[in-house]
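Taking it in order: structure first as structure tokens, then the write-up.
Just so it is clear, the values below take in all heavy atoms, side chains as well, and ignore hydrogens, waters and symmetry mates.
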Amino acid sequence: MTTSLWGMDINVWANAAIRLQIIVLVMTVVVMGLIWAERRILGRFQQRIGPQKTGPFGLLQSVADAVKLVGKEDLRPKNADPWTFELAPFLVFIPIFMGFVVVPFIAGWNISVLELGLLYFVAISSVNIVGWVMAGWGSDNRYAMIGGLRAAAQSISYELPLVLSLVSVAMFAGTMNLDEMVRQQAAVPYIVWQPMAFAIFFIAALAELNRAPFDIPVGESEVVGGPFVEYSGIRWSMFMLAEYAGLFIMAIIGASVFLGGYIWPFGEELGRGWQLMLISAKAGLIIFVVFWIRASLPRLRIDQLMGYSWKVLLPLVLLQVLVNGLILVNGWSEVILGVTGLAGVVALVTITGRAANRPRSILARPAAVKVEAA
Amino acid sequence: MTSEEATQPVPANDFSGTIWAEVDRALSGITARPEAGVKDVIVHIPRDEVIAGLRRLKADAALHFDYLRCLSGIDREADGIEVVYHLYSTDKKHNLTVKTTLPMDDLNVATATTVWRGANWLERETAEMFGVRFTGHPDPRTLLMPEDMTDVHPLLKSHPLAEIEVLQGEGMGYPEEGA
Amino acid sequence: MKGIARSLMTTLSTFSRKPVTRDYPNVHKPLPERDRAFPLLLWDQDIDEPFCTGCHACERACPVECMTVLMKDNPNHKTVGGTSTRRKIIDKFWIDYARCMRCNICVEVCNFDAIAMNNTWTGHEMSVHDRKDLVIDLQGLLAQSRAGAIKEWVPVLGQTNE
Amino acid sequence: MVTERAREFDTQDLLINVGPQHPSTHGVFRMVLEVDGELVKDVIPYIGYLHRGAEKLCETMDYRQGIGFMDRTEYLAAFNAELSYVMAVEELAGLEVPERAQWIRMILCELNRLSSHFMFLGAFGVDTGVMGTPFIYGWREREMLIDLFEEISGDRMMYAYFRPGGLAWDVTRNFKERVREVIKSSAQGIKDFDGLFTENEIFVARTKGIGYISAEDAIDYGMSGPSIRASGVPLDVRRDEPYLKYSEVDFQVVTGQHGDVFDRYACRLQEMRESIKIIEQCLDKMADTGPIMPEKMPRMLRTPPGEVYMRTEAPRGEYGIYLVSNGGNRPYRLKVRSACLSNLQALKQMSVGLYVADAILVLGSIDIVLSEVDR
């Protein structure tokens, strides 16, 4: 069992190990970059500068933070469950990085091309919920416990629309191989045919990643950081690493599945460097929007969050799967797909707007004391 | 208003232009003694009748003192402790100050929480600061002071204000003080 | 969704505005003349001695009792062959900056305009490792004025802008 | 049914201790939430962590010395706090304040209301979960206002600028231009907040219909300020018992209709616009020069024996000073009627039955300043 890496024939496991090693190293740097970017971008959204002292434009701020976090004492509360507490960061951290196995960065460069790549991805990316719950339970902290339970409820609820939105694309593509899916988008990206699936994917991904406005498990103003309220130093930094790595992988998957990955609009002949630029730009755009939303939108409440998933996203995405099936089985034009998808987006926007603007349960009461003219 | 006017005690029968007439009517049957204040009329009601009086002031249609602005105490040392209620009417827009004096050896008065719920914390504060006991208070814990500090009443005049400590730490002080 | 879009546009509009950050430790904003940091004593450059005569007015008026004042006979007084008209002069003066609440009362009660609130950045950046170091003695209180490093503002109560 | 189940599984309610170091308690407030899942069943507030005995301290200080302590009881709206105090002293001593000083006081108090409400909007926005943006917006505008206060009074927060009788010293010469400049920037800040929140569906969904308190209950609890006006009670000392020159300016008392968190937010936002209107009128009516203190001021102010309860409308509600004098140069008794203390009493009624996240919002919507609650 050999495969080729940089023109050399080597054992397939060694190949995977080497590639994974590279991914982990590169990802650590990318995550640092993302953290820096988020701080700079949030800073600009708030009319301030953001980190600027450490290195040029504050580029080394994340490095400085990492050094500080590594050097920090690793505290464990006295009453914490030692095994659960210590293991939890790994269970959050490892699945995210295992997700990178199938990510099609550029043509011919992923760790492994799996036929069921998409399935593998959605399966592996939901394992980290266990880590969150363990962190919440093991910390012996009530905020952490509430946060952990919120994380579990939220991740499970949003896993369904996320998976189903990917399923509807997979139906259309006729494959679950991510590489294959990207190659099919050389002419038209899937977002044109599946706009609603993309919208739902984006919303559900925000929730999966615990990003605003779905960041209730870590809600600073309510549960003070949620599951990792008791963590410090290196373990805390592993949570952070996992969070931003998750953001990056979600952005890459979104860019590959919906926005045409490294291929659209320039075709396959593009050089590897340009392909990397292209996919980075697409992922970067998604990440920028995520940061933008974080700077602008308040947090939802737990019941609104769950209701939105089960009452709005899930029925719509199921409808999309149905429509897809109908069209594909009957062999109708793809244009119908695009049109129905757009109609779905309109429906999503309308329903969301109406759900938010529901009349208050309190009826307006006339002023109890008569208002005299001033 | 000049200072001379403020100091001149208004004759007890001259409350024209104030709401005393109305208050007097509402408080018929309750011992009430008016006194002119700088801004508002002050009504002294004995301790045993004060809650009944306050309830009547609130219920009275013409006065309708539905809003308790402030509840506090004054330590008059030998003359006992005055509990002061500042009342306001949100629709009639008039004010009244009600006072009751408690002798130092028996600092008990019925709670006003039965009249306004807002009296709750104000009474708790007055209780811990002056040692007044509001009988029937639904939640007689301390408010601002530590929970176990129930025997110290800081706002009493007999309670000394701590000296400003010259030493701020061990062996510290103004160098060569008094040298 | 209109509101969410409006909210996103609001943040985008701030994104394009110039940041309002003041790069504090590197760039100090100019302080207004009336800025009040901690009180310091003024130096009479003409006669080369402090204005303060040690009259205790500020010490008595201080709400937090952060001052300690001791006076002495002026060795530079005319009667002893000096140049000064001040019969008494400050001997020792301590202000505990840790306790001072910068209420400006000492400046107002001073009859000799001898004390002023520091209106420079040196008066604001006073962090020390030990509280003891915030008890400033006479030399420390006079140093800034003596070096001419302060343009003091001594307000007169009720002064108008005519 | 529920109790039966509870017995079967031996469930118990969770007690969560929120504060005194929780990020959303706006200082050192502590409340113990008794929650069933995410639903709040009981709220037990604890205050007093910032109690410094300002009332007792003021009994030992003469009237001028007390001003500095009044600043510290209400650090977000120190001008308003000072105003109550000096007006109480003036009322007792029978001092006549020059007109120009009154206009300046009024402008500064309204500006302080703006700065305090900006602080509220920022902190409340962060409570709802926006990452820092409203906070920075609030600070940005407040910084402008504070810079102006610094130019006038010399200090950024503890002004010690109002004196019994008038003002300590005159305002800067370019006062009017500076105020116009600052309120222009504040108007932009209000616009930003309006755009960020007022129509935002998520914000609306989070705030509308929660934390309800009826007008009758609000009056019963002695609430004041925007918190009671949101319930539809037009209780505003500025109009009901005008002090300074409030009877000469035209402004609306902003009231809400629902008494929920959103109305408390909206009332404050609208109130800021009214404040700007008041300031503009004041600037037009104020003389450029003139006395700011009465002609004759005693060196040491003494008040005749008597008592006065002076109330003014501070940003958070009615800030009252109950001043009892026995003829000396210092208060015999000083009681600070704190608006926040009374507003906070209604917290339990407003939060029970809501989600934990909503309880945080309800607390934020009361806009407490713990130094005022604890004094």
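How far OH of D/Tyr46 is from OG1 of B/Thr142: 9.5 Å, rounded to the nearest 0.5 Å.
Contact of B/Glu147 with chain D is made through the side chain alone, with heavy-atom distances under 4.5 Å. For D/Tyr322, the part sitting under 4.5 Å from any heavy atom of chain B is the side chain, from C-beta outward, and nothing else. Using a 4.5 Å cut-off between heavy atoms, D/Lys56 touches chain B through backbone and side chain atoms alike. With a 4.5 angstrom heavy-atom cutoff, D/Leu344 touches chain B via backbone and side-chain atoms both. Looking at D/Val336, neither its backbone nor its side chain comes within 4.5 Å of chain B, counting heavy atoms on both sides. D/Asn326 does not touch chain B: none of its heavy atoms, backbone or side chain, sits under 4.5 Å away. Residue D/Thr303 does not touch chain B at all, counting heavy-atom pairs closer than 4.5 Å. In this structure, the portions of B/Asn120 lying under 4.5 Å from any heavy atom of chain D include both its backbone and its side chain. For chain D, the nearby part of B/Val115 is the backbone; its heavy atoms alone come within less than 4.5 Å. With a threshold of 4.5 angstrom between heavy atoms, D/Ile44 approaches chain B through side-chain atoms but not through N, CA, C or O. Contact annotation for D/Tyr332: both backbone and side-chain heavy atoms come within less than 4.5 Å of a heavy atom of chain B.
Contact check on D/Glu59 versus B/Lys157 returns a salt bridge, with a Lys/Arg side-chain nitrogen under 4.0 Å from an Asp/Glu carboxylate oxygen.
Residue with the most contacts toward chain B among D/Val308, D/Leu235, D/Val373: D/Leu235 (heavy-atom pairs, distance under 4.5 Å). Contact count versus chain D (heavy atoms, under 4.5 Å) is highest, among B/Leu143, B/Asp139, B/Thr97, for B/Leu143. Put simply, of D/His51, D/Met310, D/Arg337, D/Glu55, the one with the most heavy-atom pairs under 4.5 Å next to chain B is D/Arg337.
Here the side chains of D/Gln349 and B/Arg117 are in contact, with some heavy-atom distance below 4.5 Å. Residues D/Ile47 and B/Leu144 have side chains in contact (heavy-atom distance under 4.5 Å, counting atoms from C-beta outward). The shortest distance between side-chain heavy atoms of D/Glu307 and B/Ile42 falls below 4.5 Å. Residues B/Thr90 and D/Ile228 form no side-chain contact, since every pair of their non-hydrogen atoms from C-beta on lies 4.5 Å or further apart. Counting only heavy atoms from C-beta outward, the side chains of D/Val324 and B/Glu82 never approach each other to under 4.5 Å.
What you find for D/Asp220 and B/Lys58 is that their closest heavy atoms are OD1-NZ, 3.6 Å.
Geometric assessment of D/Arg311 against the ring of B/Tyr88 yields a negative cation-pi assignment under the 6.0 Å and 45° thresholds.
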Residues B/Lys93, D/Glu241; criterion side chain to side chain contact (heavy atoms under 4.5 Å, CB included); working and verdict = CA-CA 8 Å; B/Lys93 315 276 184 207; D/Glu241 300 161 76; over 6 Å; no
query = Step by step, would you call B/Leu155 with D/Lys335 a side chain to side chain contact (heavy atoms under 4.5 Å, CB included)?
reply = CA-CA 10 Å; B/Leu155 281 181; D/Lys335 157 87 186 166; over 6 Å; no
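Contacts with chain D (heavy atom to heavy atom, under 4.5 Å) involve these residues of residues 121-135 of chain B, listed by number: B/Trp121, B/Leu122, B/Glu125, B/Met129, B/Phe130. Proximity to chain D among residues 67-80 of chain B is limited to B/Tyr67, B/Leu68, B/Arg69, B/Cys70, B/Leu71, B/Ser72, B/Gly73, B/Ile74, B/Asp75, B/Arg76, B/Glu77, judged by heavy-atom separations below 4.5 angstrom.
Taking a 6.0 Å sphere around NZ of D/Lys245, one finds it holds more than 12 heavy atoms contributed by other residues, nucleotides or ligands.
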